[in-house]
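When a ligand or atom number is given, it counts from 1 through the structure's own listing order. The shown structure was predicted, so the numbers you read here are calculated from the model rather than taken from an experiment. Residue numbers start at 1 and run along the sequence shown.
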Amino acid sequence: MPSNRAGLLVALLLSALTSCMHDVSQLAPGVSGRPNILFIMSDDHAAHALSAYGSRVNATPQLDRLAREGIRFDRVYATNSICTPSRATILTGMYSHKNGTPVFNRFDGSQPTVAKMLQAAGYYTAMVGKWHLGSDPTGFDYWNVLPGQGRYIDPVFYDRNGSEVYPGYVTDVITDLTIDVLKNRPKGKPFFLMSHHKAPHREWTPDEKNRKLFEGRQIPEPSTLWDDHSGRTDALREQQQSVFNDLTRRDLKLKPPAGLAGQDLQKWLGVKPVEVEVEIDGLARMLRGDELKHFKYRRYMQDYLACVQSVDDNVGRLLDWLDANGLRENTVVVYTSDQGFFLGDHGLFDKRFMYEESVRMPFLVRWPAGIRPGAVTDALAINCDFAPTFLEIAGLPVPSGMQGRSLMPLLKGTRPPDWRTSFYYRYYHDPGDHNTRAHYGIRTGTHKLIYFWKKDQWECFDLIKDPEELHNVYNDPAARTTVESLKRELARLKDEVEDDDRFAEEQPEGSSYVQAPPKKKK
Ligand code: CA
C-alpha cells in the first residue's frame with residue numbers, strides 16, 4: 001500500500017524531526033512527551049481591563065492566576081486591529097496582505113495554517129467558539145463554531161453536520177464545549193485546542209450572575225476620555241467610534257417606549273441619543289451635555305466589564321478542570337484577545353486605530369513544565385508570532401513563509417540579541433463600520449509613526465514623553481531627524497514584510513460580519 005508506506009515515512013521523518021527539534025531536557029523532571037496547547041482567545045478584551053496588567057476599572061482573579069503561574073507579555077500587538085484579519089494572521093503567521101484577509105472578507109481555508117501543520121504532525125486539533133472567518137474551519141479534527149458574530153443568549157453553533165441551539169450564556173457554553181473536547185479527545189495524542197470566546201464584543205450582553213456587578217459603582221474615567229483630538233489628523237476627528245457621540249440606545253440598553261415593535265423598534269434602538277431620560281431616586285430626570293457624557297461612559301463600561309467578568313470566571317473553571325484532570329504540567333495555556341479595545345481612551349470605543357489601547361493584546365502563557373512562574377517580558381511581539389511559537393512547542397520547523405518568530409526563547413526567559421525592536425502595522429477597512437480611516441505605520445520601543453495614506457496625513461508620537469499619544473510631533477522641527485529615521489525604518493519594514501500595497505485601494509469583497517447558520521441538525 002503506497003499511501004500507507006508514504007504515511008509511515010512521514011511519521012518516521014516527523015518523529016526524527018521531533019526528537020531533534022524538541023529539547024525535552026528543557027522540561028521539568030518527570031514530564032515527557034509533546035506538550036498540549038490550549039489557546040483561549042476572547043474578542044475585544046483590552047489588556048487594560050485585566051488586573052494582571054494594572055487595570056484601574058476591574059479585577060480578573062482567574063486571568064491573574066495565569067499570569068502568576070506563567071509569563072505575562074507586556075508588548076504584544078495586533079498587526080491589523082480588527083477581528084477577522086487578526087484571526088487569519090494568528091492561523092497563518094502572516095500579515096493580511098499575505099493571507100488575503102485584510103478586512104471582513106472570506107478567509108481562504110485552503111492555505112497552510114498552524115492547525116493543519118500540527119494535525120499532520122499527529123496532534124489532535126479542535127476549534128470551539130467564535131471563528132468569524134467566513135469560510136468553514138479547516139485543519140481541525142473537531143470543530144463547532146458560532147456563525148459570524150454569534151449571539152450571547154442561547155447561541156447557535158454549527159459543525160460539519162449542521163446547526164444547533166445551545167441554551168444558556170455563550171461564554172459558559174463555549175467553556176462547556178471546550179471541556180467536552182478535552183474529555184472526548186483521543187488520549188494517545190497531544191492536543192491543539194482553540195477555544196474562542198465571543199465576549200466581550202459589542203453589544204455587551206452580560207450574564208445574569210455578573211449583570212449587576214458594576215451597577216452603582218464609580219468606574220474611573222481614563223485621563224484621555226475628554227481628548228479633543230487637537231494636533232492630530234482629520235482621521236481622528238472623522239471617526240464614528242466616539243463614546244459621547246456614537247453609542248446607540250441599543251448599546252446603552254435604554255428601555256424602548258411600550259408598544260414599539262418590529263422595524264420601528266429597531267429604528268428607535270439605532271438612534272444615537274443626545275438626551276436620555278433616567279430615573280434617579282424615583283424621579284424622572286433628563287440627562288444632557290456633560291452629565292449625559294458621563295452616563296454614556298459608565299453605561300458602556302458596566303456592561304463591557306460584566307462580560308469580561310464572565311470570561312474570567314470561565315477561564316478559572318477551565319484551569320480548575322485541567323488541574324484536576326492531570327493536564328496541568330504539560331499543557332501550554334495561552335490567554336489572549338484578537339486585539340485590544342478603547343475603554344473611553346481618546347473618547348473612543350472599538351479598536352482599528354494604531355493607538356496603544358487598540359493594538360495591544362493581553363498575552364499570558366502558563367506551562368508549568370516549561371515556564372518559570374511569575375515571569376514578565378517587555379519584548380516586542382506580534383500576532384504573527386503565535387503560529388511559529390506553537391510549531392516550536394510541538395518540535396516542528398517554522399516554514400519560511402511565516403512572517404512571525406517563535407516566542408519560545410522568551411517563554412524560556414531569554415531574549416535573543418537580535419530580537420525585533422520595531423513592528424509594522426496596516427489597517428484597511430475604509431470606510432468601515434466606524435468611518436475609521438485606513439493607515440499604516442510602525443511602533444518602535446520609543447516612538448510611533450502613523451500614515452493615513454488615503455488622506456496623506458501623518459502622526460508621530462514620542463511614547464516615552466507622551467505615552468498617552470496626545471501630542472503629534474510630526475510637524476515639530478525639533479523632531480525632524482527622528483521623523484526621518486522613523487520613515488526609513490517604516491520603508492525598511494514595509495519591504496521586509498513584502499507589503500506591495502495590493503489591498504491599498506481595492507479590498508476583497510464579501511463580508512463575514514453576518515453569517516446565516518447552515519440548516520438545523522436532524
Ligand atoms: Ca475583535
Quiz prompt | Working for ring-ring contact (aromatic ring centres under 6.0 Å, His included), residues Phe192 and Phe390 | solution = CA-CA 9 Å; Phe192 173 63; Phe390 301 151; 5.5 Å; yes
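A distance of 5.5 Å separates CE in Met94 from CG in Asn99, rounded to the nearest 0.5 Å. The CG atom of Asp172 sits 4.5 Å away from the CG atom of Asn314 when rounded to the nearest 0.5 Å.
Around the Ca ion (ligand 1), protein N, O or S atoms at a distance under 3.0 Å total 6; waters are neither shown nor counted.
By the side-chain contact (heavy atoms from CB on, under 4.5 Å) test, Ser223 is found to be paired with Glu468, residues two or more places apart in sequence or in another chain being considered.
Two rings, from Phe214 and Tyr304, have their centers 6.0 Å or more apart. Taking the ring centroids of Tyr53 and His48, they lie at or beyond the 6.0 Å cut-off.
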